> 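A single structure is presented below for examination.
Because the structure is predicted, anything quoted here is derived from the model rather than measured. As the structure lists them, so they are numbered: ligands from 1, and atoms in each ligand from 1.
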Amino acid sequence: MKIVVIGMGYVGLPLALLLSKKDNVIGYDINSKKINQLKKNIDDTNEVEKKNFNKAKKIFFTNDSSYLKNADFFIIAVPTPIKKNKEPDLRLLKKATILVAKNIKSQSVVILESTVFPGTTENICVPIIKRISKLEYINKNSFKNDVKGFYCGFCPERVNPGDKEHTIDKITKVISGSNQYAIKKINNLYKSICKKIYISSSIKTAEAAKIIENTQRDINIALINELSKIFKLLKIDTREVLATAGTKWNFSKYFPGMVGGHCIGVDPYYLTYKSKSVGFKPNVILAGRKINDGMSNYILKNIIKLYKKKNIIFTKSRILFVGCSFKENVTDTRNSKSIELVEKLNKLKAKVDILDQVINKDKIKDIKVFKSLKSLDKNSYDTIIFSVIHDKFKNTLKKNYKEYLKNKKKIIVDINGFLPKSDSDFRL
Ligand SMILES: NC(=O)c1ccc[n+]([C@@H]2O[C@H](COP(=O)([O-])OP(=O)(O)OC[C@H]3O[C@@H](n4cnc5c(N)ncnc54)[C@H](O)[C@@H]3O)[C@@H](O)[C@H]2O)c1
């Protein structure tokens, strides 16, 4: 059996490596630099350990599309971002679909793992494949399976970057297929790598389920962010309120914070776009997005207040900003709200240094990234802003950060409650 996985990112690479323990897998990506690194067993996302590359004997990484011909399975795991106007940007997905269409054979199965709005697989991808390949789409309405045609499925990924516990092999895998035979084939494929499989009633249902997982999380965080703003005015500490309310058996635990990255802050817009296209303007989902998108401004306003209160001038101030990836323990800086905040501080002409021990970049918008506390000047910062704190460095940071502050008029902003309450001037 020949399996092609298109897109060797956070989703595609671990999946391709797992599948290649049993079957022949082609790991395809348009990024030739990435392919060259993968050939040397280097994963720049830091998600895959070297030993997992070594175990994968039947994988071949390539950016040459001629290797994709006649695969039995095509799994698409390319990015599905949003445009500037917050509408879905399906260009990469369409490009990948065209590639599949050009290489597909009769009886192949095309599986989307990329996050999309309900209807994308069958209303956008399937017509592209039909038009280019001239094959039939075999679905519930087809009389027979043994025709010159192809099957489809949507099998969403739940990977959580930086999380070594909820890996593909341990979590429940949702699958769906264009008809019972497609489901059987897809089930056989995933059951070799996943312990638990849930068969969704339709492709559209699976698409909708994936999109609401992140939408629900976004809204829950937005609620807590709003509560945090209210409690700030009431002079109540949000984290203490959450610890107290969390003693109730059915209180769900969420914390305030900036929502960045390319999933939670993006996926709700896919759903709201689709919803508007069928005549319904969602209120709650968009309100949640607005609150979460505004958190960096809210934090900035509070920092400005502290500067006024302590009589410190931005242009003469040195700020140490800790943690710039979009969340803890990942190298990924895409849509990082910490970087958004750093850029805003930069506009106020403060001198900002970034400390991030894990991100791959040396510079962010002309700001040097320091990789360890030791490489920073002691007694030199007016302000330390703790944003994203990677687990491995928590203890050293906690023990030593004070040495880097100036003696007088210092400010500690602890966005996510890393320090005890009394040690910071502001926290959400
Ligand atoms: N990262 C996550 O936490 C996560 C979780 C669940 C679902 N998803 C979804 O999975 C999809 C992929 O996300 P990701 O985080 O793995 O993305 P990523 O950016 O890490 O990787 C995608 C890869 O696809 C490649 N690519 C882009 N267009 C291509 C094309 N036309 N042909 C071949 N390769 C192409 C890119 O070069 C990149 O290496 C998205 O839809 C995302 O929403 C992501």
> Around atom 34 (N) of ligand 1, find the nearest protein heavy atom and jot down its residue, atom name and distance.
I30 N, 3.4 Å

> Hey, which of Q107, K105, K2 is the one that makes side-chain hydrogen bond (donor to acceptor under 3.5 Å, both in side chains) with D72?
K105

> Please list, in number order, the atoms of ligand 1 under 4.0 Å from a heavy atom of K210.
6 (C), 7 (C)

> So, is the end of the K210 side chain (NZ or CZ) under 6.0 Å from the ring centre of F154 and within 45° of the ring's axis?
no

> Quick one: closest heavy-atom pair of I111 and C155, and the distance?
CG2-SG, 3.6 Å

> Please indicate whether any nitrogen or oxygen in E157 is less than 3.5 Å from any nitrogen or oxygen in ligand 1.
no

> Considering the heavy atoms of L92, write down every atom of ligand 1 situated less than 4.0 Å from one of them.
28 (N), 31 (N)

> Work out which heavy atom in V110 is nearest to a heavy atom in F150; give both atom names and the distance.
CG2-CD1, 4.3 Å

> Of the protein's non-hydrogen atoms, which lies at the shortest distance from atom 39 (O) of ligand 1, and what is that distance?
D29 OD2, 2.6 Å

> Could you tell me which atoms of ligand 1, counted from 1 in the order shown, lie closer than 4.0 angstrom to a heavy atom of N31?
37 (O)

> Which one of K421, R427, K232 satisfies the side-chain hydrogen bond (donor to acceptor under 3.5 Å, both in side chains) criterion with D237?
R427

> Identify the protein heavy atom lying closest to atom 21 (O) of ligand 1, giving its residue, its atom name and the separation to 0.1 Å.
G9 CA, 3.1 Å

> Can you tell me if K58 uses its side chain to pair, donor with acceptor, with the backbone of K22 under 3.5 Å?
yes

> Give a yes or no answer on whether the side chain of K21 reaches the backbone of S192 with a donor-acceptor pair at less than 3.5 Å.
no

> What's the separation between atom CD in E47 and atom OG1 in T167, rounded to the nearest 0.5 Å?
10.5 Å

> Of the choices V78, V11, L93, V5, which has the non-hydrogen atom that lies closest to atom 40 (C) of ligand 1?
V78

> State whether the shortest distance between N or O atoms of T115 and N or O atoms of ligand 1 falls below 3.5 angstrom.
yes

> For F386 and Y401, take the angle between the two ring planes, folded into 0 to 90°, and tell me which bin it lands in: parallel under 30, tilted 30 to 60, perpendicular over 60.
perpendicular

> Quick one: does T80 get an N or O within less than 3.5 Å of an N or O on ligand 1?
yes

> Under 4.0 Å from a heavy atom of Y28: give me the atoms of ligand 1 that qualify, with their elements.
32 (N), 33 (C)

> In the structure I gave you, are the side-chain heavy atoms of L242 and K253 within less than 4.5 Å of one another anywhere?
no

> Judging by distance only, is a nitrogen or oxygen of K34 under 3.5 angstrom from one on ligand 1?
yes

> Please confirm whether the backbone N or O of I211 pairs with a side-chain atom of T215, one donor and one acceptor, at under 3.5 Å?
yes

> Which option out of R334, H262, R91 puts a heavy atom nearest to atom 18 (P) of ligand 1?
R334

> Students should be able to answer this: which protein heavy-atom is nearest to atom 3 (O) of ligand 1, and at what distance?
P161 CD, 3.0 Å

> Can you tell which of F326, Y10, Y270 gets a heavy atom nearest to atom 14 (P) of ligand 1?
Y10

> Identify the protein heavy atom lying closest to atom 27 (C) of ligand 1, giving its residue, its atom name and the separation to 0.1 Å.
P79 CD, 3.6 Å

> Between D362 and K371, does a salt bridge (charged side-chain N to carboxylate O under 4.0 Å, His left out) hold up when you go through it step by step?
CA-CA 9 Å; D362 297 333; K371 294 282 175 192; 5.3 Å; no

> Select the closest option to atom 2 (C) of ligand 1 among P14, A77, C263, judged by heavy-atom distance.
C263

> By number and element, which atoms of ligand 1 are closer than 4.0 Å to a non-hydrogen atom of V159?
2 (C), 3 (O), 4 (C), 5 (C)

> Starting from atom 24 (O) of ligand 1, locate the nearest protein heavy atom and write down its residue, its atom name and how far away it is, to 0.1 Å.
G7 CA, 3.3 Å

> With distance as the sole test, does K69 use its side chain to make a donor-acceptor pair with the main-chain N or O of K102 at under 3.5 Å?
yes

> Taking only heavy atoms of I6 into account, list the atoms of ligand 1 that are under 4.0 Å away from them.
32 (N), 33 (C)

> Under 3.5 Å, N or O to N or O, is K95 touching ligand 1 that way?
no

